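All residue numbers in this chain count up from 1 along the given sequence. Only a predicted model underlies this, so the values are computations on that prediction, with no experimental measurement involved.
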Amino acid sequence: MAYRYGDRYQLELFPRSINEYVSIDNPVRAYDAIIDSLRLEELGIELEEKKVGNSQYDPITMLKLLVYGYSYGIRSSRKLERACHNDVTFIWLMGNLKPDHKTIAEFRRRNKEGLKSLMKEVALICYQLDLIKGNTLFVDGSKIRANASIDRHIRKEELRKVYQMVDKNVDKVLDECERVDEEEATLPSYVKINEELKDKEKLNERIREAKENCKSLRNERVNLTDPDCVLVKGRQGIHAGYNVQIVVDGEKGLIVNSDVVNESNDLNQFSRQIKQSQEVLGKRCEVACADSGYSNTRELKGVVEMGIEVIVPTTKQASDKEVGEFDKDKFIYNEEEDTYTCPEGYKLIYCNTSKNGKRIYRFRSSQVCKNCCHYGRCTTAKRGRTISRLEDEKLRQELEAKYLEERSQKIFNLRKQRVEHPFGHIKRNLGVSSFLLRGLEGIRAEMSILASCLNISRLITIFGVVGLIERLSKMYG
């Protein structure tokens with residue numbers, strides 16, 4: 001059998017252009033067309049060709065490099081630089097431009113605000129292509145590691161002690177530095193001391209700023225590498241990270257909005273994420289759905305008041321545990337008297353309100369419980385049985401009943417199909433086990449790129465490269 005052999009030294013009479021090396025249905029052409037369709041003024045990316053100064057790389061081309069690179073799991077600035085030299089699709093996309101890794105990293109750093117808005121612009125393209133309906137929205141969150149070690153976490157009190165110690169000794173250190181400088185004034189210097197550190201006022205100002213920043217920290221622990229990250233619990237244990245939030249449309253599973261928060265759970269996110277999504281689409285959704293991690297009644301109330309149908313199970317419903325013999329549901333609430341009646345017919349009256357806003361009900365005397373035949377099974381507390389009631393308990397009961405409806409169950413079952421896929425794509429296909437940037441604003445920018453990549457890949461899957469480019473050309477000319 002004959003073999004075919006290649007010859008890398010074969011000369012061609014008419015050398016090909018870069019464009020000829022990329023087929024018409026190559027995905028890179030779709031990424032190129034989509035970025036060209038964006039409203040860059042909305043992204044806040046500066047475009048001024050006549051600006052005085054040294055020439056710089058075209059911001060649109062640099063944006064294409066980031067989005068296309070992230071779409072194939074290439075996020076490091078050094079790897080992106082290497083791709084611009086070695087990968088023909090990157091060479092085509094960049095028009096043979098070859099920025100170094102410092103230029104790529106600097107562009108990403110300077111345009112964090114614009115990159116945060118990228119997700120919104122890509123979602124609007126999907127909306128105009130009639131792939132996002134905005135009728136049913138699913139909210140979900142996931143924990144992703146920060147670019148920081150858990151070992152760098154320190155308690156806020158310990159940090160304050162460090163600043164106090166530095167504050168006390170800074171004058172002594174600076175005076176000693178001045179004395180040594182005077183003694184060595186005539187000697188040649190091999191070490192250049194930072195001028196800023198020689199100035200007592202500037203150094204003291206930096207220490208004061210650090211102390212004020214420490215006071216403003218909400219968490220009891222702070223990470224010295226990335227102060228914005230928090231301790232989060234994932235499948236791999238506890239680590240320094242961020243809580244990533246996405247809102248997915250129920251039609252095609254496209255991401256409507258992405259956000260990142262430095263909170264360890266999802267309890268305070270439902271209302272915020274739905275509002276942000278509605279701002280992106282410019283319309284109110286009909287149904288909002290999430291898992292039991294979002295079952296904060298006060299948060300859900302804000303969405304219900306918008307006229308939106310909410311489908312969120314309580315933690316108890318999600319656990320599928322059977323109702324106990326002396327569960328709270330076995331106690332009957334009397335709205336007129338504002339009392340609870342236990343299974344034995346005794347009344348629990350309002351006692352006080354806890355710090356988290358729950359109303360507490362107890363028996364007038366602890367002897368009622370102690371003399372009851374069920375004492376020890378119903379409760380073992382010395383003060384007797386206690387019942388807590390939310391301020392919006394009635395709403396919670398209504399939402400529990402809504403979740404059990406057949407229609408709600410169908411929507412909730414669809415939730416996992418729609419909202420789990422994006423995180424699977426980002427974490428597995430794109431290999432995002434941790435973020436590269438630091439600080440909340442940088443993380444939001446990076447997540448915006450990742451969410452946009454998923455939407456673009458879905459557009460290519462639905463329309464194909466050629467079909468998508470044709471639709472974009474008709475829409476935007």
Response to the item:
Closest non-hydrogen atoms of Asp249 and Gly134, given as atom of the first, atom of the second and distance, are OD1-N, 2.8 Å
Worksheet entry | Ser408: side chain to side chain donor-acceptor pair (under 3.5 Å) partners, not counting sequence neighbours | none
Discussion item. Assess the residue pair Gln409 and Tyr403 against the criterion (side chain to side chain contact (heavy atoms under 4.5 Å, CB included)); give the C-alpha distance rounded to whole Å, side-chain angles, the decisive distance to 0.1 Å, and a yes or no.
Written reply: CA-CA 7 Å; Gln409 287 295 300; Tyr403 169 73; 3.4 Å; yes
Item to complete: I would like to know whether Glu309 and Lys402 meet salt bridge (charged side-chain N to carboxylate O under 4.0 Å, His left out); could you show each step before the answer?
Response: CA-CA 9 Å; Glu309 182 182 351; Lys402 168 66 70 175; 3.5 Å; yes
Response to the item:
Residues pairing under ring-ring contact (aromatic ring centres under 6.0 Å, His included) where one sits in residues 415-440, two or more places apart or in two chains, turn out to be none
Item to complete: For the pair Asp259 and Met447, evaluate side chain to side chain contact (heavy atoms under 4.5 Å, CB included) and give the outcome as yes or no after the intermediate values.
Response: CA-CA 7 Å; Asp259 194 11; Met447 186 58 206; over 6 Å; no
Practice prompt. Take Ile308 and Gln278 through the test side chain to side chain contact (heavy atoms under 4.5 Å, CB included) and record every step on the way to the result.
Written response: CA-CA 11 Å; Ile308 299 172; Gln278 292 184 149; 3.1 Å; yes
Practice prompt. Could you grab the distance from atom CG of Leu65 to atom SG of Cys84, nearest 0.5 Å is fine?
Written response: 4.5 Å
Report, one line per pair, each donor and acceptor closer than 3.5 Å where one atom sits in a side chain of residues 458-471; sequence neighbours left out.
unit_1: Arg458; atom_1: NH2; unit_2: Lys252; atom_2: O; d: 2.9
unit_1: Thr461; atom_1: OG1; unit_2: Ser457; atom_2: O; d: 2.9

Worksheet item: How close do Lys143 and Ser264 get, heavy atom to heavy atom, and via which atoms?
Response: CE-O, 3.1 Å
Worksheet entry | From Phe107 atom CZ to Thr61 atom OG1, the distance as rounded to the nearest 0.5 Å | 9.0 Å
Discussion item. Do Ser77 and Glu106 make a side-chain contact, defined as non-hydrogen atoms from C-beta onward lying under 4.5 Å apart?
Written reply: no
Worksheet entry | Partners passing side-chain contact (heavy atoms from CB on, under 4.5 Å) against Lys394 (at least two apart in sequence or in another chain) | Glu398
Fill in: NZ/NE/NH1/NH2 to OD/OE distance under 4.0 Å, Lys347 and Glu337
yes
Fill in: Partner set under side-chain contact (heavy atoms from CB on, under 4.5 Å) for Ser149, not counting sequence neighbours
Asp151, Arg152
Practice prompt. Enter the distance from Leu137:CG to Cys289:SG here, rounded to the nearest 0.5 Å.
Written response: 10.5 Å
Worksheet item: Taking all non-hydrogen atoms of both residues, which atom of Ile132 and which atom of Ile255 are closest, and how far apart?
Response: CD1-O, 4.2 Å
Practice prompt. Identify the heavy atoms of Leu399 and Leu300 that sit nearest to each other, and give their distance.
Written response: CD1-CD1, 3.6 Å
Worksheet item: Could you give all pairs that pass the side-chain hydrogen bond (donor to acceptor under 3.5 Å, both in side chains) test and reach residues 410-419, with sequence neighbours left out?
Response: none
Worksheet entry | Step-by-step side chain to side chain donor-acceptor pair (under 3.5 Å) determination, Tyr68 to Thr89 | CA-CA 10 Å; Tyr68 184 64; Thr89 57; 3.2 Å; yes
Worksheet item: Can you tell me how far NZ of Lys112 sits from OG of Ser117, rounded to the nearest 0.5 angstrom?
Response: 14.5 Å
Discussion item. Less than 4.0 angstrom from a charged side-chain N to a carboxylate O is my criterion; do Glu446 and Lys116 meet it?
Written reply: no
Worksheet item: Quick one: are Lys64 and Asp32 in side-chain contact, heavy atoms under 4.5 Å?
Response: yes
Would you list the atom pairs, donor with acceptor, under 3.5 Å between side chains in residues 374-381 and any protein atom, with sequence neighbours excluded?
unit_1: His374; atom_1: ND1; unit_2: Arg377; atom_2: NH2; d: 2.8
unit_1: His374; atom_1: NE2; unit_2: Glu344; atom_2: OE2; d: 3.0
unit_1: Tyr375; atom_1: OH; unit_2: Thr380; atom_2: O; d: 3.4
unit_1: Tyr375; atom_1: OH; unit_2: Ala381; atom_2: O; d: 3.2
unit_1: Arg377; atom_1: NH1; unit_2: Glu325; atom_2: OE1; d: 3.3
unit_1: Thr379; atom_1: OG1; unit_2: Ala381; atom_2: N; d: 3.1

Worksheet item: Does a side-chain heavy-atom distance below 4.5 Å link Ile411 with Phe138?
Response: yes
Discussion item. What I want to find out is whether Lys316 reaches Asp327 closely enough, with some N-O distance under 4.0 Å, to be called a salt bridge.
Written reply: yes
Item to complete: For Met119 and Ser258, work out which heavy atoms get closest and say how close.
Response: CG-OG, 3.7 Å
Fill in: Worked verdict on Asn135 versus Lys283 for side chain to side chain donor-acceptor pair (under 3.5 Å)
CA-CA 9 Å; Asn135 298 326; Lys283 60 173 288 188; 3.2 Å; yes
Fill in: Residues which pass ring-ring contact (aromatic ring centres under 6.0 Å, His included) with Tyr70, listed by chain and number, not counting sequence neighbours
none
Worksheet item: To the nearest 0.5 Å, how far apart are OG in Ser295 and CG in Leu267?
Response: 6.5 Å
Item to complete: Test Leu43 against Leu63 for side chain to side chain contact (heavy atoms under 4.5 Å, CB included), laying out the working first.
Response: CA-CA 11 Å; Leu43 296 179; Leu63 180 60; 4.0 Å; yes
Item to complete: Check the side chains of Asp338 and Tyr361 for a donor-acceptor pair under 3.5 angstrom, ignoring hydrogens and angles.
Response: yes
Discussion item. My understanding is that only residues two or more places apart in sequence, or in another chain, count here; which of them pass side-chain contact (heavy atoms from CB on, under 4.5 Å) with Lys233?
Written reply: Ile238
Worksheet, complete the sentence: Sorted by chain and number, sequence neighbours left out, side chain to side chain donor-acceptor pair (under 3.5 Å) with Asn265 holds for none
Worksheet item: Just how far is it from atom NZ of Lys120 to atom CG of Leu281, taken to the nearest 0.5 Å?
Response: 10.0 Å
Worksheet item: Does any donor atom in the side chain of Gln245 or Asp266 lie under 3.5 Å from an acceptor atom in the other side chain?
Response: yes
Item to complete: Specify the closest pair of heavy atoms between Ser71 and Leu430, including all atoms of both residues, with the distance to one decimal.
Response: O-CD2, 3.1 Å
Worksheet item: Yes or no on side chain to side chain donor-acceptor pair (under 3.5 Å) for Arg29 and Tyr31, after CA distance, side-chain angles and deciding distance?
Response: CA-CA 5 Å; Arg29 293 184 180 272; Tyr31 285 91; over 6 Å; no
Practice prompt. Applying side chain to side chain donor-acceptor pair (under 3.5 Å), name anything that partners Tyr340, two or more places apart in sequence or on another chain.
Written response: Arg389
Worksheet item: Can Asn257 and Gln276 be counted as having a side-chain donor-acceptor contact under 3.5 angstrom?
Response: yes
Worksheet entry | Test applied, side chain to side chain contact (heavy atoms under 4.5 Å, CB included); reference residue, Pro422; option that passes from Leu454, Leu450, Leu254 | Leu454
Worksheet item: Looking at residues at least two apart in the chain, or sitting in another chain, which of them share a side-chain contact (heavy atoms from CB on, under 4.5 Å) with Arg298?
Response: Asn296, Asp392
